[in-house]
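As structure tokens, the structure follows; a few thoughts come after it.
Along the sequence shown, the residues carry numbers beginning at 1. Just follow the structure's listing: the first ligand is 1, and inside any ligand the first atom is 1. Every value quoted in this text rests on a predicted model; they were computed, and no experiment measured them.
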Amino acid sequence: MEDEILQVQNLTVNYRLEDSIVKGIENVSFGIKKSSITAIIGESGSGKTTLLSAILGFLPQNARISGKIIFNNEKIMENGKYSKKFRTNRWRLISYIPQNAMSVLSPLRKIRSHFIDTAMAYNIPKEVALNSAKEILPQIGLDEKILNYYPFELSGGMKQRVVIALAIFLRPLLTVADEPTSALDVITQKKILDLLKKINNELNITFLVSTHDISVASYVADEIIVLYNGHIVERGSKEAIINHPLHPYTLYLLSSVISLSSKNKLIKIREKFMVKHNINKNRGCPFYSRCPFATTICSEEFPPNIRINDHEVLCNKPFEVEKSVYT
Ligand SMILES: Nc1ncnc2c1ncn2[C@@H]1O[C@H](COP(=O)(O)OP(=O)(O)OP(=O)(O)O)[C@@H](O)[C@H]1O
């Protein structure tokens, strides 16, 4: 679609170990709208980092990848092969804010060297790099004099901002952030999320942000993708996902937010998720073993991907969730 900067089509990633194969993500398809913020939400091991690494072309050696990725109307990856144009321009097309961002700054190098090194890796001259850095730093709340500081001279929040500046100073079209706030206290967390929104708004950079916290997704994102066990189980606008969830796992995530669940009937709903079905080895629903709404069909048949306008859900019985919340 024309208004999409990124299209991921039938993406599957497996990891090969000595005597087994581990699933990373399976047959994942979605698009990201230009100038939006999309959050990928899922618990540990759901495949968030695998998905982001596949988009960035950063998967480890033991990964096997299939499917297609289209970026800005050009194919950048098909069946594990990334285009040369993408590999040589990556940071100017899709940049990255890593998990534990602060630890990526080398303690032995001044902040200015981090900007110069990043730019020079893409054949951008030192002067251009420093000028771009000086332009970006005030926009994200940092004085340009920090270019002469070492990382140890900065607070945690300032280091986080430097890493964000490094991701955006070459003005990429898309920035991918892997759990950008998970290591931060709540006050700093909010400031960083506000900063991502400001950059999105003022510099028109599209963001794809992963998080295990649905309240972070709800605060920062326009669109939300819910990942469970390597599958997209639900995706749609923030309003659709937060106010009208259709997948039981999304409902479970929402009912687990303390401030939400203590206020309303979600607390009762959370109790329903105490049930456990035996895992069915057949090709049933990935969420079957934890689903309070599951019936025989869910243990036997992989669910269909149901689409209602822009809201998609992978479920045999999506309206059971609606009934339990709204009736
Ligand atoms: N290099 C690897 N080799 C083998 N298995 C891997 C590798 N990287 C990830 N996996 C497996 O792939 C699955 C998805 O992992 P991934 O790290 O993408 O999840 P995640 O949602 O990012 O988790 P977290 O929030 O803990 O980072 C998990 O079962 C994980 O053990």
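Atoms CG and CG, on L6 and L93 in that order, are 11.5 Å from each other to the nearest 0.5 Å.
Between Y249 and Y228, the ring planes lie tilted relative to each other; the angle falls in the 30° to 60° range. Between F302 and H231, the angle of the ring planes lies from 30° to 60°, which puts this pair in the tilted group.
Using a 4.0 Å cut-off between charged nitrogen and carboxylate oxygen, K33 and E4 do not count as a salt-bridge pair.
Residue pairs satisfying the salt bridge (Lys or Arg N to Asp or Glu O under 4.0 Å) criterion with at least one member in residues 23-32, sequence neighbours excluded, are listed as follows: K23-E26, E26-R283.
Within a 6.0 Å sphere centred on NZ of K191, heavy atoms belonging to other residues, nucleotides or ligands number 12 at most.
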Could you go through ligand 1 and note, for every N or O atom, any protein N or O atom closer than 3.5 angstrom, writing the atom names and distance to 0.1 Å, or 'none'?
unit_1, atom_1, unit_2, atom_2, d
ligand 1, 3 (N), N62, ND2, 3.2
ligand 1, 18 (O), T50, N, 2.9
ligand 1, 18 (O), T50, OG1, 2.5
ligand 1, 19 (O), G47, N, 3.2
ligand 1, 21 (O), G45, N, 3.4
ligand 1, 21 (O), S46, N, 3.2
ligand 1, 21 (O), S46, OG, 3.3
ligand 1, 21 (O), G47, N, 3.0
ligand 1, 21 (O), K48, N, 3.0
ligand 1, 21 (O), K48, NZ, 2.9
ligand 1, 22 (O), T49, N, 2.8
ligand 1, 22 (O), T49, OG1, 2.8
ligand 1, 23 (O), G45, N, 2.8
ligand 1, 25 (O), K48, NZ, 3.0
ligand 1, 26 (O), S44, OG, 2.6

